[in-house]
Peer 1: 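Before anything else, here's the structure in question.
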Amino acid sequence: MKAYRARANETGPKAHIVWVTGAALITCVWAGAHAQASSQTAPEQSGAPGAATQLPEVTVSGTREEELLVETPASIGVIRGDVVDEVKPTHPSQIVGQVPGAAVTVTNGEGHTTAIRQPFTTDPVYLFLEDGIPTRSTGFFNHNALYETNLPMAGGIEVTRGPGSVLYGSDAIGGIVNVLTRRPPRGEASELMLSGEGGSHGWWRLLGGGGLGYASGGWRGDFNVTHTDGWRDKTGYNRHGGNLRWDHETASAGSFKTLIGYSKIDQDTGANAPLPRALYKHHPTTNLHSIAFRKVEAFRISTTYEYERGNDLISLIPYFRDNSMDLLASFRLAAPDPTVYTTENQSFGLLAKWRRDFPGKLAARLIAGVDIDYSPGSRDESRIFVNFTGAGASRNFTSYTTGPKLYDYDVSFTGISPYVHGEISPVERLRISGGVRYDRLEYDFDNKLAPGLLEVAGRFYGQPDDDKVRFTRFTPKIGATYEFAPNLHGFVSYNRGFRAPSENQLFRPAGAATPAQAQALLASALDLKPIKAEQYEIGLRGNWNALSYNVALYRLEKDDDILSFTDTATNETQTVNAGRTLHRGIEIGLGLPLLPGLRADVAFSYAKHTYKDWVVATGATPIDFSGNEIESAPRVLANTRLTWAPVEPLQLQLEWVRVGSYYMDAANTAKYSGHNLLNLRARWSVTRDVTLYLNINNLGDKRYADSASISSNTPVFAPGLPRTYYAGVELKW
């Protein structure tokens, strides 16, 4: 009997299962008809060109333990550490897209927006982990959280699409990104590497790492020092960071893993500043928001203790985090009330888990645990008065002065979340898993400003009273995996998820032109409810001769979705629970050796994201967006890689990235046409310990937009990187 370890989900209505099953089987039959030869290749990973690679053995994102990917009732894409090392990404957008249905785009420097079963968004619908531990508290979400990890030195990346398991709770609606650290050497082994590179626009970077093993463990350190002048005016940044990891096993069946992570980023944030069409086309280096900046510091330390005896395992992970950010946001400069602010928060937490296996034909497993998080934080935000030239979307912001405070408060987030997860195999090839989680999340808010209304420069800002706001939620999940054949595995699942509002959504309402509007926005913010999500999913993974494939179909519906409506004429914004959104799609991953030394890999998704029910009560006549497609939501996302190794020391890879067209506003009045990009990577192993590499991004020097939207009733585009070169040398000892 196999030792199954599966994630928890729940079965759904037959109509959804039948529809998804039929479409998945049709897709696999089509894929199989194009197969050539016989091998077992990885359905969610790319391997060496022309060589057969084994099915991915394990993933750790499902149950915080190693489990077979093919026995997990969820869509988890695995990017191996050697693939990360070969790509050497300068930004998460250059690596995450290798997973079907996942994409990242550039905001500023290493900042990013993410699209995993959601539009490209900065909304708090994702969970970012490092070795299974959240990098941030639920209460203090940051959509740029991947820049707080040492991504180019990762030992692997796992991307879970859709709501997370009962082990993760709030945040994981669109998906989970788990960045894995590199394992230390063991025994008497030692290792050391250093990579230096330079490139276009004043880019240089040093990556290094090494470690030493001993009889019962080992340690490893990795660092990242990066600088760029930026390809647009005044868009440079500096980064310093790294990880230190120590693994140790005791003589009494116990083990420790201590992980320390640190990142410091100082960047000018106009790199994603949008431009009207004429400037975007002909003068893309123009930066109209050059006064913007972002300074980030993040520190994390955790120790994982595991004790396994017989059929029982106990896991305890205490952790501490310290995050701070100073920000003058480029996206706020065009608003009626731009601001500069500082946010800080610390976290003291514990992830505790007990697992028991029950030997026998049923191969049952029970996991029970509790997550505890206490995160005190603060916000200090002031109005700024900007000087600019031009008008509308063409305004060039040149300087600013700091005015009165708009928000000044302390807020503590407390989360206590017990859960239980069970697995059973009623027959040899079938594994059923399910579980439930209870989240009790609370904010304790202390306003340092007087409650009521604050007036600054003719604008009004609601100030909440000191208060405690609490959210509670049960989230059940159930799923099943089935082995149809040694090379064909399927799964079905039903997941529920939710997302509590973050501190800035609750206690920082937008400014308004009148006292009545400000009071209404304050009441609306304090009345925000959690987003509730419900997903049905079915998938197949396997091999058909030389072809490896994975197919997943899903239907994800969100109730009480927290949506921000921005008046495209005035740039006024209001945030409300606004009915329902619907997200449906198919995700396909394919891998095929074509010839000796030549391999093709494809990650493709087609999805439709719509406002199922959204009416905005603004002005005399409400605006009904129901039935419209959500803005910044391309239907097609694709990443195709052709990898060729003509001789053993040389490897070339040509990558084609496709982002489909999407609407630029909720009213669906304007559309961005999408884009196609080509990237080229080359590696030459001069000796076993010396490797030269060259990466060329946007090989065709195509003008494209990292994002496109409407501002001041004008289409605006954030120009993406032109043709850019990076070259370096990697040394290993």
Side-chain angles (χ1 to χ4, degrees), residues 107-108 111 122 139-144 234 265-270 272-273 287-298 322-346 376-388 395-412 443 445-467 502-515 517-519 521-522 525-526 564 566 570-575:
T107 55
N108 300 286
T122 60
F140 300 90
F141 176 81
N142 181 3
H143 68 89
N144 294 307
K234 297 183 180 179
I265 303 167
D266 185 353
Q267 63 183 34
D268 298 321
T269 59
N272 196 48
N287 178 10
L288 301 178
H289 296 174
S290 60
I291 61 175
F293 63 84
R294 184 189 300 263
K295 298 180 180 181
V296 176
E297 197 162 5
D322 192 344
N323 299 87
S324 63
M325 178 172 65
D326 296 328
L327 177 66
L328 195 168
S330 60
F331 58 85
R332 289 286 303 165
L333 284 174
D337 45 5
T339 61
V340 61
Y341 63 84
T342 298
T343 60
E344 298 178 345
N345 74 276
Q346 294 77 41
S378 64
R379 174 180 290 265
D380 188 329
E381 185 167 0
S382 298
R383 171 70 188 272
I384 62 173
F385 299 94
V386 296
N387 298 313
F388 59 86
R395 281 179 292 176
N396 183 16
F397 299 93
T398 56
S399 63
Y400 72 94
T401 56
T402 303
K405 289 186 177 182
L406 303 183
Y407 303 99
D408 186 5
Y409 59 76
D410 293 332
V411 59
S412 295
Y443 292 94
F445 175 76
D446 179 15
N447 198 344
K448 296 181 180 180
L449 300 179
L453 288 179
L454 174 67
E455 182 182 3
V456 175
R459 299 276 295 174
F460 297 89
Y461 304 86
Q463 299 294 325
D465 286 313
D466 296 350
D467 197 6
S502 56
E503 58 84 17
N504 64 312
Q505 292 176 320
L506 287 168
F507 306 115
R508 186 200 169 282
T514 68
Q517 291 173 347
Q519 291 281 16
L521 289 174
L522 173 60
L526 294 174
S564 295
T566 301
T570 65
N571 297 320
E572 293 270 12
T573 299
Q574 59 176 317
T575 302

Peer 1: Arg459 side chain to Gly511 main-chain N or O, any donor-acceptor pair under 3.5 Å?
Peer 2: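 Side chain of Arg459 to backbone of Gly511: a pair is present.
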
Peer 1: Quick check: does any side chain N or O of Gln463 sit under 3.5 Å from a backbone N or O of Leu406, one acting as donor and the other as acceptor?
Peer 2: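 Between the backbone of Leu406 and the side chain of Gln463 there is a qualifying donor-acceptor contact (under 3.5 Å).
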
Peer 1: Under 3.5 Å, is there a donor-acceptor pair between the Glu297 and Ser324 side chains?
Peer 2: no

Peer 1: Are the side chain of Asn447 and the backbone of Pro464 linked by a donor-acceptor contact shorter than 3.5 Å?
Peer 2: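 Confirmed, Asn447 side chain pairs with Pro464 backbone.
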
Peer 1: If every non-hydrogen atom of Val411 is compared with every non-hydrogen atom of Phe140, which pair is closest and at what distance?
Peer 2: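 Reported closest heavy-atom pair: O-CZ, 3.7 Å.
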
Peer 1: Using modelled atom types only, decide if a donor and an acceptor are shared between the side chain of His289 and the backbone of Ala273 within a distance under 3.5 Å.
Peer 2: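 Flag not set: sc His289 to bb Ala273 has no pair under 3.5 Å.
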
Peer 1: Could you report the tightest heavy-atom contact between Pro338 and Val386, atom names first, then the distance?
Peer 2: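 Result for this residue pair: CG-CG1, 4.1 Å.
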
Peer 1: What closest approach, in Å, do Ala518 and Tyr461 show between heavy atoms, and which atom pair accounts for it?
Peer 2: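 Looking at all heavy atoms of both residues, the closest pair is CB-N, 4.3 Å.
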
Peer 1: Looking at OG1 of Thr514 and CZ of Phe460, how far apart are the two atoms once the value is rounded to the nearest 0.5 Å?
Peer 2: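 One gets 7.5 Å once the value is rounded to the nearest 0.5 Å.
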
Peer 1: Is the closest side-chain heavy-atom distance between Arg395 and Leu288 below 4.5 Å?
Peer 2: no

Peer 1: Grab the two heavy atoms, one from Leu526 and one from Leu506, that are nearest each other, plus how far apart they are.
Peer 2: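 Looking at all heavy atoms of both residues, the shortest contact is CD2-O, 3.6 Å.
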
Peer 1: Is the distance between the ring centroids of Tyr407 and Tyr341 under 6.0 Å?
Peer 2: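 Between Tyr407 and Tyr341, which both carry aromatic rings, the centre distance is not below 6.0 Å.
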
Peer 1: Restricting to non-hydrogen atoms, name the atom on Asp268 and the atom on Lys234 that form the minimum distance, rounded to 0.1 Å.
Peer 2: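 Heavy atoms only, the tightest pair is CB-O, 3.1 Å.
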
Peer 1: Give me the one residue out of Asn345, Thr342, Thr343, Asp410 that meets side-chain contact (heavy atoms from CB on, under 4.5 Å) with Ser378.
Peer 2: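 Answer after filtering Asn345, Thr342, Thr343, Asp410: Asp410.
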
Peer 1: What are the two closest non-hydrogen atoms of Asp465 and Pro451, and how far apart are they?
Peer 2: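 Heavy-atom minimum between the residues: OD1-CB, 2.8 Å.
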
Peer 1: Looking only at atom types and distance, does a side-chain atom of Asn108 sit under 3.5 Å from a main-chain N or O of Asn272, one as donor and one as acceptor?
Peer 2: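 Yes, because the side chain of Asn108 sits within donor-acceptor range (under 3.5 Å) of the backbone of Asn272.
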
Peer 1: For a 4.5 angstrom cut-off between non-hydrogen side-chain atoms, does Leu327 reach Val340?
Peer 2: no

Peer 1: Return the set of residues passing salt bridge (Lys or Arg N to Asp or Glu O under 4.0 Å) with Asp266 (not counting sequence neighbours), or none when no residue passes.
Peer 2: none

